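Accompanying notes for the structure given below.
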Protein chains: 2
Amino acid sequence: METTVKPKKLARTSARATGGSLSSNGSGGARTVASRPTLNAFQLQAVSFFVHAFAALSLPRSIGEIYGLLFSTEEPLSLDDIIARLRISKGSASEGLRWLRSLGAVNPVYLPGVRKEHFTAETSLRKLATGYLRDRINPHLENGPERLHHLQDSIVEGAPESSFQKSRSNQVAGWYKFMGKVLPVVKALAGKF
Amino acid sequence: METTVKPKKLARTSARATGGSLSSNGSGGARTVASRPTLNAFQLQAVSFFVHAFAALSLPRSIGEIYGLLFSTEEPLSLDDIIARLRISKGSASEGLRWLRSLGAVNPVYLPGVRKEHFTAETSLRKLATGYLRDRINPHLENGPERLHHLQDSIVEGAPESSFQKSRSNQVAGWYKFMGKVLPVVKALAGKF
DNA sequence: AATTTTGTTCAAAATTTCTTGAACATTCTG
DNA sequence: CAGAATGTTCAAGAAATTTTGAACAAAATT
């Protein structure tokens, strides 16, 4: 009957196989510009790995797939390469690439004489962490001071509960201070990897 | 035309007002055990605050609401108190409370002579962070070594791309080391708030 | 033991998020 | 410039998650 607590994502149904229809190719990857729509064993593992890892951050599978493919491929790949290899739609690939690019998780590569834009994966943890914090965490922290003020302004001076409420407000203020302390440390540590 | 990048959640439609139908009550909160279904200004702000904050972690709004209510209420509240005040279903309240409890974000309070289980919010950042890391992050890190091995095992020794693939594997190994370094530091810093 | 109180579970409904695919915009090539 | 190549956008469909509500289980009271 499973009486144990199961704090995962409150999920109940959940299920979306990592598989799909990614064909594997004995060995070959891309050559100069790549175009053959198969993944080698390493690429398959990498895609699976990053789909899982990105899911931990509640990011869509397509983004994990794209990053995993680029991470595991030495040659720069174009939008069409990605579409052909991962069998995802143009729309997903385009939006996914944009997201990764804005984060700094993917680098454009200029290939002389080649029209299509090509990309490789950024693997510097410092850059990845910085980009993620900048795009996904900071936006939530920025209006922090304002939100804290809202909280403080809603306290009725003199009311019996005001003392309790003030201590809670201070608690929140402390959390913001914590974020201010911990984020730089994380970035500094990330720089070493 | 907004040509600027907008890496948020890839959301396009999105919209679910924070408001809802939480009635505000001039001043009064709960008395001893609470049961009047209104929120004071401070509680309203707190609920809004935590719904927003939890959303940053992709957690459902009901969980943010419950934690926000408990955080902003001095008296312990029961399941029915929460339902009445937040106007959410029994199911949501029950599952949300279970999730918060298993994380350690909510503490059961024993009130002599009272049947219903009552709860207060845990506000120690150390406990909150520890619980979150334990329940949401560690599970993803635990099978890390195994996943890393899969990656390494898929490398074909001697193949021209094996050198590249090995360097990528090492990259991943480094990331796991980073997590091993940074998590303890975060916990240690959290202890001070 | 029957009844009431309290809390959990889960199928169905509501909502949100993601993917697709085709239309559109833009840039390059001949 | 016309046509082709490349890439973006977004409405509609598909899929996943969250919420609801009622049935069920467990514990306490009479």
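In this text the structure is predicted, and so the values were computed from the model without any measurement.
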NZ/Lys192(B): more than 12 non-hydrogen atoms of other groups inside 6.0 Å: no
Gap between atoms NZ and C1', on Lys116(B) and dA28(D) respectively (whole Å): 14 Å
G-U wobble or Watson-Crick pairing nucleotide for dC10(D) (cut-off 3.5 Å, both distances): dG21(C)
Phosphate OP1/OP2 of dG7(D): any Ser94(A) side-chain N/O under 4.0 Å: no
Atom-to-atom span, CG of Leu79(B) to C1' of dG21(D) - whole angstrom: 14 Å
Within-4.5 Å side-chain heavy-atom neighbours: Leu141(B) and Asn138(B): yes
Residue whose closest nucleotide on DNA chain C lies nearer the 5' end, Gly91(B) versus Gly91(A): Gly91(B)
Ser62(A) side chain, from C-beta outward: closest of dT9(C), dT18(D), dT19(C): dT19(C)
Base dT5(C) to side chain Arg115(B), donor-acceptor N/O within 3.5 Å cut-off: yes
Enclosure of Arg126(A) CZ (heavy-atom neighbours >12, cutoff 6.0 Å): no
N or O in side chain of Arg87(B) less than 4.0 angstrom from dT19(D) OP1/OP2: no
Whole-Å distance separating the CG atom of Leu111(A) from the P atom of dA5(D): 19 Å
Joint cluster assignment, Phe164(A) & Leu44(B), ILVMFWY side-chain distance < 4.5 Å: no
dG7(D) base / Lys90(A) side chain donor-acceptor hit below 3.5 Å: yes
